[in-house]
Structures are given as structure tokens and as C-alpha cells.
Amino acid sequence: MSVRYGFAIDQTTCIGCHACTVACKTEHEVPVGQFRTWVKYVDQGTFPNSTRDFGVMRCNHCTDAPCVTICPTQALFQRDDGIVDFDRDRCIGCKSCMQGCPYDAIYIDEDTHTAAKCNFCAHRIDNDLEPACVVVCPTHSIWVGDLDDPGSGIAKLVNSRPTQVRSPEQNTGPNVFYLGAERAVLDPLAAPSSSGYLYSRPDPHRSEVSRDLAMDPVTKARTTLNTAHPRPWGWRVTTYLWAKGVGGGAVLLAALALLAGIDLGVLTTIVAPALGVLGTAATGVLLIVDLKRPDRFWYILTKSNFRSWLVLGSYALAAFAAVSGLWLLYGIAVETGLLDSSPAVWTVLAVLGIPTGIMVAGYTAFLFGQAEGRDLWQSPLLFWHLVVQALMVGSGALAIAALLAGTESAALITRTLVVATVVHVAMLVLEYCGRHATKAAAVAAHLVTHGRYARQFWAAGVALALLGAVLALPSWGGGLLALAALGGLAVQVALLTYESVFVRAGQDLPLS
């Protein structure tokens with residue numbers, strides 16, 4: 001008989017005493033300032049006609065847990081009884097689970113530098129004991145048990161009274177059910193953080209973002225106590241997106257030139273594969289340095305979860321690095337006269353370069369797709385947009401190289417630069433100014449186009465990219481490479497700026 005453990009939290013009897021929080025921190029030795037379970041406060045109205053509501057927040061032990069899917073080393077796993085547990089000895093601190101979780105339930109433990117969260121007190125469950133939070137709750141507001149057993153107390157409670165779950169639109173099958181909870185408590189966008197919390201100050205990130213979130217003019221709901229909402233990925237991920245785009249785009253364009261019989265000289269034989277090797281190397285270094293446990297980076301290959309696109313992307317990078325490296329070695333041998341140039345070899349390298357170049361440029365779309373807590377990243381166009389971006393910055397880098405190498409004509413490069421840049425900008429406008437699948441995605445897009453990122457997005461991300469295309473346009477026939485090189489430089493800056501906005505805005509919205 002199947003077992004599916006879950007929680008039911010009766011917010012009509014919860015008194016907000018924090019006993020569950022204290023018991024959890026004591027049971028698991030959670031560092032100060034970090035929480036596996038916590039009590040959120042939401043105030044509504046204006047004194048003296050004001051109310052305060054509570055919400056006990058924690059991991060939802062989802063039936064379809066996105067953190068388990070995205071974790072590259074199987075450090076997060078689902079037990080047969082439905083409990084989502086973690087193994088800190090396998091964790092590499094990549095923080096992808098924090099992106100996958102739609103509930104702000106996972107944090108990086110300051111002591112171990114590994115992921116941690118509520119694990120249902122699995123060690124107590126295995127010894128027929130209730131979780132620590134349940135034992136200490138003075139009002140019996142926290143119920144626990146087998147949701148699949150119709151005779152259990154929690155099943156009877158959930159089946160006999162109206163319940164709610166957090167973020168049902170994420171379709172994760174959460175197994176924490178709330179009774180009598182206010183919508184403003186469960187909806188993280190319904191109550192922006194107050195400028196000052198009770199007992200503490202909000203973390204700076206929450207405070208900054210809350211200024212851009214609309215407060216309900218009727219309820220005036222505001223969060224007056226909550227946990228931190230960090231932004232796990234920063235400039236390293238932004239730079240990694242650009243670096244692999246340059247390498248992938250350059251090799252992809254050179255491969256297409258080879259198959260089309262277009263002679264780009266040293267740009268094809270040396271420069272493009274060198275950009276591929278350098279881009280891959282930079283990507284690998286950035287990804288490893290960004291880990292909280294970089295000493296365990298090799299776990300991605302030895303403890304692989306092949307459902308995670310962090311793992312599959314690593315293999316895509318390895319395959320691309322191998323093709324680029326062989327291409328570069330052969331190109332050096334040909335240019336130095338060690339080997340004769342063979343059309344058959346170039347054809348093989350080109351045929352291998354196209355799929356590996358496309359995958360290294362675009363696989364991040366699937367990784368971001370597994371980051372289910374970040375609605376802005378869930379675009380069905382993202383894969384193709386990343387490929388277009390790669391062609392844009394790859395051709396831009398080759399345009400700069402063409403000027404330095406004294407190439408007489410590089411019409412394919414400049415035409416690709418112009419077309420890819422225009423398509424990139426068109427896709428930006430389509431993505432951000434069109435309809436969005438969820439409220440969270442729409443709010444995040446508004447932050448980009450009209451909020452805190454608007455100046456960067458329109459001035460650098462869009463206008464500078466178009467300037468790059470305009471500068472390169474006179475080189476459409478292959479001449480005036482100095483202008484094309486300037487255009488190529490402009491699109492590098494434009495894409496780095498846009499990726500910074502894209503990565504940050506996707507993580508800005510509160511999830512609890």
C-alpha cells in the first residue's frame with residue numbers, strides 16, 4: 001500500500017508563537033538567520049481597523065518535486081513515502097534546487113555550504129515519532145500523516161474541510177495543505193514586504209523589490225515578517241551565458257561557412273575554434289567557481305542525475321569542447337604546413353560543429369525551464385532565442401577578429417551580425433511586450449520594461465544592440481570592417497547587459 005506523507009496546517013487556530021520554528025532549528029541545528037520552517041506575518045488595513053494573519057511556511061514535499069529533477073547529483077531525492085529528503089554529502093552547492101523550488105523553501109546552509117530544507121524530520125518518522133514542529137505546537141495547528149490513508153487524521157481533516165495550497169499553478173502537487181489561510185498570506189505577490197519587519201529588518205533584496213510591487217489599495221496587505229529571499233545566481237551565470245554564446249555562435253557560423261563553400265581563411269581554421277575552446281573553458285571555470293562546494297564539482301559526472309539539464313548541459317559542453325579542440329588542432333596543423341588541408345576533414349568538423357554549437361548555445365533554456373520557481377525563464381522561445389544570441393555575439397567576435405586579421409571580405413559575418421541582432425531585438429519585444437502565461441511572469445516582465453531594470457533594458461539591451469546592427473550594416477557587402485568590428489563590440493556589451501537583467505529579474509519576485 002502506498003504512503004504519501006503530508007502536512008495540514010490550520011491557520012484558524014495558529015497563534016503565531018514560533019514554537020515550530022524554534023523546535024525545527026533546535027532539532028536540526030539550523031544556523032542563525034536561516035529557517036527550515038518559519039511563520040510569515042501579513043498585516044492588512046489601517047490601525048485601528050487592522051488585522052494580522054499568520055502562515056507557517058516550509059517545504060511542500062511535492063509529489064512532482066522540481067528540486068529533485070533539477071538537482072545534478074541526486075542530493076535531493078524523494079523517498080518511497082513521499083518525503084523529499086536531501087543528502088548533504090552529495091551536494092555541490094550549485095543552487096539550482098533553489099531556482100527549481102517555487103516556495104523559497106531551500107537555502108544554502110552557512111555552516112556546511114550545502115542545500116538544506118525541511119525534510120519532514122525523516123529521522124523521527126523512521127522511528128515512529130512525529131516531526132519536532134508537530135510535537136511542540138500548543139494549539140495542534142500542525143497535522144501530519146499519510147494522505148493516502150482515508151482513515152488517518154490528516155486525511156479526514158483535509159477531506160472534510162476546504163483547503164488551499166501554495167502556488168497551485170506550478171502543478172508540483174504540493175503536500176502541505178492550509179486551512180483558513182488568508183490569500184494574502186499564501187500569494188507572495190499579494191502582500192509586498194513592509195519597509196520594516198517586526199523584530200527584524202527585511203533582507204535588502206526583498207526591500208528593494210517590494211518597492212516595485214503594487215500594494216492592494218483596499219486591503220493594504222503587507223508582509224511584516226518573513227524569511228530572506230536571496231538571488232542565488234549572479235554575475236557568473238550572466239557571464240557564462242555570454243561566454244558560451246560567443247564560442248558556440250562562432251563555431252556554428254564557421255561550420256555553416258565551410259558547408260556553404262565560403263572561404264573565411266584563418267577565421268575558419270583558427271579563430272572560430274579558438275573562440276569555441278576559450279568560451280567553453282571560461283564557462284567551465286565560471287560554473288565551478290559559482291559552486292558553494294567547488295571541491296565537489298566532479299560529482300556532476302560521477303553522481304549524475306540524468307534528468308537534470310545541469311548534467312546534460314555539462315556533457316553538451318564537453319562534446320562541444322572536444323569538437324572545438326580537434327578543429328583548432330587541425331587548423332593549426334594546416335596553417336603551419338604540418339598537414340595538408342582535406343575537404344573531407346573540414347566537412348566532418350563542420351557537421352559535428354553545427355549540432356554541438358547549437359546545443360552549447362541553447363541547452364540553458366532547458367535548465368532554466370527546470371527552474372520552475374522562476375516564471376520569467378519559462379519561455380518556449382528561449383532555446384531559439386539563445387541560439388540567435390549566440391550567432392549575434394559569435395559573429396560580432398568574428399567581425400572584430402576579421403579587422404585584426406586583415407581579412408579582405410567577411411560578408412557572411414557582417415550579414416549574420418545584422419540579421420541575428422535584428423531578430424534578437426524582435427524576440428525581446430515579442431517576449432516582454434506580449435502576453436505572459438502567469439501573473440509572476442507578467443510582473444517580472446514589467447520590472448524589466450517599466451520598472452527597476454527599464455533603463456538598462458531599453459538603453460543598453462535594446463538600443464545598443466540596434467546600434468551594433470546599424471554600425472555593421474554598411475559592411476553588408478564585406479568591406480568597411482572597422483564599422484563591423486565596432487558593431488561586434490557593441491553587441492557584446494548589449495548582450496551582457498541584457499543577460500544581467502534577465503537573470504536578476506527572473507529571481508527578484510518573492511516566492512513566499
Side-chain angles (χ1 to χ4, degrees), residues 242-279 324 327-328 331 334-335 341 346 350 353-354 357 361 385-429 456-499:
W242 167 77
K244 71 184 184 67
V246 171
V251 169
L252 180 56
L253 182 55
L256 293 172
L258 281 171
L259 294 180
I262 299 174
D263 183 14
L264 296 176
V266 71
L267 300 181
T268 298
T269 56
I270 302 292
V271 176
L275 288 172
V277 170
L278 290 173
S324 298
W327 187 329
L328 179 60
V334 168
E335 291 294 333
S341 181
W346 288 122
I354 290 175
H385 197 174
L386 288 172
V387 174
V388 170
Q389 290 172 4
L391 287 171
M392 178 178 75
V393 292
S395 60
L398 289 177
I400 297 171
L403 177 65
L404 297 176
T407 303
E408 293 183 2
S409 179
L412 176 65
I413 293 172
T414 54
R415 290 173 183 177
T416 302
L417 174 57
V418 171
V419 173
T421 302
V422 171
V423 173
H424 161 66
V425 171
M427 294 181 83
L428 285 183
V429 174
Q456 289 173 269
F457 176 75
W458 292 110
V462 174
L464 186 58
L466 288 175
L467 176 61
V470 170
L471 287 170
L473 190 58
S475 305
W476 185 268
L480 299 174
L481 290 182
L483 287 176
L486 284 175
L489 181 61
V491 298
Q492 311 302 323
V493 178
L495 186 64
L496 272 168
T497 303
Y498 166 67
E499 296 293 15

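In this structure the side chain of Leu464 reaches within 4.5 angstrom of the side chain of Val493, judged on heavy atoms. Residues Ile354 and Leu259 meet the side-chain proximity criterion, which asks for heavy atoms closer than 4.5 Å.
The structure places CG of Leu471 at 6.0 Å from CG of Leu486, a figure rounded to the nearest 0.5 Å. A distance of 5.5 Å separates CG of Leu496 from CH2 of Trp242, quoted to the nearest 0.5 Å. Rounding to the nearest 0.5 Å gives a distance of 12.0 Å between OG of Ser395 and CG of Leu267. Rounded to the nearest 0.5 angstrom, Ile400 CD1 and Leu481 CG are separated by 12.0 Å. Summarising the geometry, atom CG belonging to Leu275 is positioned 11.0 Å from atom CG belonging to Leu253; distances are rounded to the nearest 0.5 Å. The distance from the CD1 atom of Ile413 to the CG atom of Leu403 is 11.5 Å, given to the nearest 0.5 Å.
Smallest separation of non-hydrogen atoms from Leu264 and Ala257: CD1-CB, 3.8 Å. Of all heavy-atom pairs between Ala490 and Gly468, the closest is CB-CA, 3.9 Å. Minimum heavy-atom separation, Ala469 to Val422: CB-CG2, 4.5 Å. A pairwise comparison of heavy atoms in Gln456 and Thr497 identifies O-CG2, 3.9 Å as the closest pair. Val246 and Ala397 make their closest contact through CG1-CB, 3.9 Å (heavy atoms, listed as atom of the first residue, atom of the second, distance). Nearest heavy atom pair, residue Val425 against residue Ala465, reads CG2-CB, 4.0 Å.
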Audit row: Trp476, Val419, side chain to side chain contact (heavy atoms under 4.5 Å, CB included) steps and yes/no:
CA-CA 10 Å; Trp476 185 268; Val419 173; 3.9 Å; yes
Kindly indicate, with the supporting measurements, whether the criterion side chain to side chain contact (heavy atoms under 4.5 Å, CB included) is fulfilled by Leu386 and Glu499.
CA-CA 10 Å; Leu386 288 172; Glu499 296 293 15; 4.3 Å; yes
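At least one donor-acceptor pair closer than 3.5 Å links the side chain of Gln492 to the backbone N or O of Val393. When atom types are taken as modelled, the side chain of Trp327 and the backbone of Thr268 share a donor-acceptor pair closer than 3.5 angstrom. Side chain of Ser475 to backbone of Leu480: a donor-acceptor contact under 3.5 angstrom is found.
Between Tyr498 and His424, the ring planes lie perpendicular to each other; the angle is over 60°, past the 30° to 60° tilted range.
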